[in-house]
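A, B, ... follow the sequence lines: proteins, then strands. Residue 1 opens every chain. Note that the structure is predicted; figures quoted are calculated from it, not measured.
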Protein chains: 4
Amino acid sequence: MIISMRKNAARAEIDSVIQRIEDFGYKIHTIEGEERVVIGAIGVGDTSACLEALEAMNCVEKAVRISAPYKFVSREFKPGRTTITVGGNVHVGNSEFVVMAGPCSVESEKQILESAELAAKGGAKILRGGAFKPRTSPYDFQGMEEEGLKLLAKAREHTGLAIVTEVMSDNDVSLVASYADVMQVGARNMQNFALLKALGKCGKPVLLKRGLSSTIKELLMSAEYIVAHGNNDVMLCERGIRTFETATRNTCDIVACAVLRELTHLPVILDPSHATGKRSLVPALSRAGVAIGADGLIVEIHPNPQKAISDGAQSLEPAQWLDMMKSLQPYIELWKAERMSTVAV
Amino acid sequence: MIISMRKNAARAEIDSVIQRIEDFGYKIHTIEGEERVVIGAIGVGDTSACLEALEAMNCVEKAVRISAPYKFVSREFKPGRTTITVGGNVHVGNSEFVVMAGPCSVESEKQILESAELAAKGGAKILRGGAFKPRTSPYDFQGMEEEGLKLLAKAREHTGLAIVTEVMSDNDVSLVASYADVMQVGARNMQNFALLKALGKCGKPVLLKRGLSSTIKELLMSAEYIVAHGNNDVMLCERGIRTFETATRNTCDIVACAVLRELTHLPVILDPSHATGKRSLVPALSRAGVAIGADGLIVEIHPNPQKAISDGAQSLEPAQWLDMMKSLQPYIELWKAERMSTVAV
Amino acid sequence: MIISMRKNAARAEIDSVIQRIEDFGYKIHTIEGEERVVIGAIGVGDTSACLEALEAMNCVEKAVRISAPYKFVSREFKPGRTTITVGGNVHVGNSEFVVMAGPCSVESEKQILESAELAAKGGAKILRGGAFKPRTSPYDFQGMEEEGLKLLAKAREHTGLAIVTEVMSDNDVSLVASYADVMQVGARNMQNFALLKALGKCGKPVLLKRGLSSTIKELLMSAEYIVAHGNNDVMLCERGIRTFETATRNTCDIVACAVLRELTHLPVILDPSHATGKRSLVPALSRAGVAIGADGLIVEIHPNPQKAISDGAQSLEPAQWLDMMKSLQPYIELWKAERMSTVAV
Amino acid sequence: MIISMRKNAARAEIDSVIQRIEDFGYKIHTIEGEERVVIGAIGVGDTSACLEALEAMNCVEKAVRISAPYKFVSREFKPGRTTITVGGNVHVGNSEFVVMAGPCSVESEKQILESAELAAKGGAKILRGGAFKPRTSPYDFQGMEEEGLKLLAKAREHTGLAIVTEVMSDNDVSLVASYADVMQVGARNMQNFALLKALGKCGKPVLLKRGLSSTIKELLMSAEYIVAHGNNDVMLCERGIRTFETATRNTCDIVACAVLRELTHLPVILDPSHATGKRSLVPALSRAGVAIGADGLIVEIHPNPQKAISDGAQSLEPAQWLDMMKSLQPYIELWKAERMSTVAV
């Protein structure tokens, strides 16, 4: 930590700050500047608590952390790349570009089976579909719940695809985990800490979506919650953030994919559907996602989007989905070549 | 709803849109513009679902809602003002300006009892204090949990203050409700719909904080969740939103207080502590909160902020708190005069 | 400055950084942490340039400034408060709460004279009105230009009010300065550096509006431009920033008024009209502006807003304006009492 | 336009709104809903002015535009694609992927000549370099001005590259136009309307950067200014917007490139350097820019970034630049194939 004192801080104040820092177990280096005193604190301790304590002191101008607040998810902790095995035979991470696809919500047996076949036909390895739906309005369709989970399991049997589906409450973790291959945390729940803790012990990989207004650092802290509570298999998902721009549903912070590759060993998935909210923009953004080096995509598709109960505007139509997957192939080839050359180095 | 078609929409497409709208139970008015066709839909139906369905159709340019998506919380539903009785004798709403105060976290018996006495001495009617703490880092203090709730109850006995405290999971609702007078929903949980539904049946008033990046409309929709599930006693809380500005912890959208008075009959509380993150700014913002017509404040205070476990930087020191409450008095008098004159009209 | 090196920085890299810092004239303090080396740089030099140079070095993790990047506008440079005399007898700053009012645009002789009389009747001291209008669309009314300036001068003669009006280009500075008492810089021009430089030599006070997405620090840097080029008389104006919220035209960062009072000696004016975009919200926000300690207001009014060429929705109607000014009086009294007690201390 | 009246609007109020709309030359369609009256206005007129007038009326709830506010820049006006010829032999637009590269600032003859050779060696067709620099601080290097323009011209002679350089004031337009092949408008000047008007008559193509907090629609309106004043050759540039995220200098709204291709016939250039602020992220984002279908890139490079006067942290080092351009080749091949297949259709 680096602590800069206010300009007019008295000697007694400086001493009280030093004492406080030492109480937390750090060693001190003091720099007497022309305008103010700056203190460096070295060692290992509860940095968050210490920073908060220091910022509460009137004589302190600013206290900043030098080292990252997360540990297990950092590349410093694990310099390589994490590969997560899903449903036995899908490997999300460095070696394979994995596409997940499916409808926003499970609506009926017919709809989810058709969706699953469509997903598989396009080359997806994992089927998405919501059984518990977070909806802004209490009057909107809230999902088929356990009935939906059962239909997803049926779709898995028919197609061999693994299943990713959302869990919205720590109460539902064991229920959802008994059906799903990957537990999805929605953007609105990224900092639902009770849920994150429960997922630490759920025994299934987690797909953690970035919150609408969460920083990259906060996303990593939420992943750290899951890992610190016992589950190493976390995939991060960029799905657009909220900004002033209204031309798209969200603003895709695509560079976050590249930033995350620098900061963490966990795989990063891009969601071009929520990031744009509009199906015509999904193929172009998907190409960009492969090109920037995401580890996979999660895409909304529907056998008949114009009849979808939710998110129809951003769901690809069958032909569009198959076309897109075909057009992605050469980009995925370039992606593989890039990964192999990086590994070689 | 107003639906504008794409410029080149064919007659068959327009007909398919009309059919779809009529399927949802609306009546149709078609306007044939020079550039495109615009359709008005009149009646009562599942507007959200219909809008989603229409936006999924490629021939539709835009579909917009005319009426508000919330009902029970709107002033159109209830033109007067809701007053919420807390702990038997505190009335939050139109007639009384209510101040809630206390530390960020319950830390110990001594700390919470001293805080409660300090709060009461300044004129607060409700004691705040967190027993379950949402913390960005898994390594930070997570609260005293039930032990903390017991200490809050003890502070209530000693001072007669009512208690407001946060609940973070639907799992904990009945436990927290057995101690608290007001159930607080934190900003990160504003769209934790499982929690909101549980609070609809908890039998205690709710203080619902606005999410970091939630719109005023979304705040009202979350309140609608609680009311629609059976609980009319919801207070809304503006506590700052996340923007590009980093000079303060959040950006206080103070005008939201005035906007909410136009849109809803529910009381609005301002949190100047989280909105600024810095104790020196709290008194000025509190004055502004009274002046703009909020119904109350929730303020962080601490017997010794420099030793606080959390949020020390934004907690008022004892003398500062007592001074502030004294200086607020003339503003509260003006507030009362304004409210009485408005009622008279 | 504090410079933290990357974790694995080699000794030679650290030495090259030290050399670079010393080249800029600073003295060095090195802290050897457990994880990385941190360097403190002490002295007076071209900090911005040095920071940029260091951040360009791959072995540097982060380089942060400790002291503020502005000088003349800071309270450290001038601990008191600046009072700016406008048009001979209006004093904007610490001792007087000054209201500026008038229409968005000068539209005709009749309209501006009626507006001026209305402004004066309500108690405004300065008349606002645009002769050069920044409009998002090239097809919108762009202002009456010099003809409008002449009408403003006529209104001044009739009412004795001083005049504030916008200047949009360094080309127009001398023309506008020959008519105006205060030169207004619009939000979109806050970082039009050619304009700011020209205003440094214009001989008239400047009202500098905060940019839609400008930080408080950037606002102060733009004021520093004007002062550094020779003009000390700068008033700052908070007029709302751009965020994700669309319920109001902009989001009023009212706390900026309080933050600015801590950081600078320059007066701060609040613009409740642009901050809200809606006339019904203007009186409540104006009260809050007085209460938080702004030094004045700039308010849009119009003899007949429903016929206004621009900004009609946010312009107060005559009766509303007079009512508001009456209702502000007790708040202004409290403001004066506060200022006098502060001065006494 | 669609105008929705307030719920309780009286018949006389509705009539006054209808009258007002008809005064602007539109025809009326009235829809009597269950809750309120909605009015459709059809025809051609001054929509912006009419909307403003209507929003100023208290009985109007909302007035929304159906057609786009820009004309000449829209694909509806020109369904094909604009190709802009720069310096005689470079064609920016649909058929060629054009890379512009160079340092942030022109610093010296040696530096700009080395930069130009480096740019050409990597395959750039246009040299960038600032002679007039917009700097947040008045104490930072402000550019070499005309001297810098002369050095750019020299670099053009040596390498055959065309020149793009920034102009900051309408005052400097003719000076800059006498040297430059492309006139760059910086993000801070996107709504400097005096400058935009002057560029309408400058006789050179313009590269218009998106403002830090400007919407895509506002970017198109600023382009419309230039076109409406006589200059059809405008390239748009996405360079990152300002959001809450601080991990990167700005947040790249890469999807804007795809949205703009849907809305306008003008070419779109991506600036990966300002969008990220960090050289390690530039190659990945450049690949994504090609993949999403931008028409070109503008990249900061420097013979020795660690000694650059400005923007060193985001400038590519020589080897990195050459590597990147090599690695972009297969993506550019895919881009060409895509464009040819689109044209064929």
Subject >> Side chain / backbone / both / neither for C:D311 at chain D, heavy atoms under 4.5 Å >> reply: both
Subject >> Greatest number of heavy atom pairs closer than 4.5 Å to chain C - which of D:A194, D:S16, D:S169 >> reply: D:S169
Subject >> Between NZ on residue D:K71 and OH on residue C:Y139, distance to nearest 0.5 Å >> reply: 5.5 Å
Subject >> CZ-CZ distance between C:F193 and D:F132, expressed to the nearest 0.5 angstrom >> reply: 15.0 Å
Original post:
Is the count of non-hydrogen atoms from other residues, nucleotides or ligands lying under 6.0 Å from D:K307 atom NZ greater than 12?
Top reply: no
Subject >> Region of D:N58 in contact with chain C, defined by heavy-atom distances below 4.5 Å >> reply: both
Original post:
Looking only at heavy atoms, what is the nearest atom pair of D:R20 and C:Q306, with distance?
Top reply: NH2-O, 3.0 Å
Subject >> Gap between atom CG of D:N189 and atom CG of C:L195 - 0.5 Å precision >> reply: 10.0 Å
Original post:
With respect to chain C, which residue among D:M57, D:E55, D:M190, D:E317 yields the maximal number of heavy-atom pairs within a distance under 4.5 Å?
Top reply: D:M57
Subject >> NZ/NE/NH1/NH2 to OD/OE distance under 4.0 Å, D:R135 and C:E52 >> reply: yes
Original post:
Which one, D:A53, D:P305, D:P134, D:S222, leads in non-hydrogen pairs under 4.5 Å with chain C?
Top reply: D:P134
Original post:
Passes salt bridge (Lys or Arg N to Asp or Glu O under 4.0 Å), C:E218 versus D:R188? Steps please.
Top reply: CA-CA 12 Å; C:E218 288 167 344; D:R188 286 169 186 75; 5.0 Å; no
Subject >> Residue selection (most heavy-atom pairs with chain C, distance under 4.5 Å) from D:A228, D:S137, D:A49, D:G312 >> reply: D:S137
Original post:
So C:R242 and D:L212, side chain to side chain contact (heavy atoms under 4.5 Å, CB included) or not? Walk me through it.
Top reply: CA-CA 11 Å; C:R242 182 165 274 186; D:L212 271 75; over 6 Å; no
Subject >> Spacing of CG belonging to C:N192 relative to CE belonging to D:M168, to within rounding of 0.5 Å >> reply: 7.0 Å
**OP:** Of all the heavy-atom pairs spanning C:T136 and D:M221, show the shortest one and how long it is.
**Re:** O-CB, 3.4 Å
Original post:
Which atoms of C:N171 come close to chain D, meaning under 4.5 Å heavy atom to heavy atom: side chain ones, backbone ones, both, or neither?
Top reply: both
Original post:
Looking at D:Q314, D:H302, D:H229, D:K197, which makes the most heavy-atom pairs under 4.5 Å with chain C?
Top reply: D:K197
**OP:** Please report the closest heavy-atom contact between D:A56 and C:R279, naming both atoms and the distance.
**Re:** O-NH2, 2.6 Å
Subject >> From D:T47 atom OG1 to C:D140 atom CG, the distance as rounded to the nearest 0.5 Å >> reply: 9.5 Å
Original post:
In terms of heavy-atom proximity below 4.5 Å to chain D, should C:I309 be classed as side chain, backbone, both, or neither?
Top reply: backbone
**OP:** Flag the one option from D:Q142, D:K278, D:K217 with the top tally of heavy-atom pairs under 4.5 Å to chain C.
**Re:** D:Q142
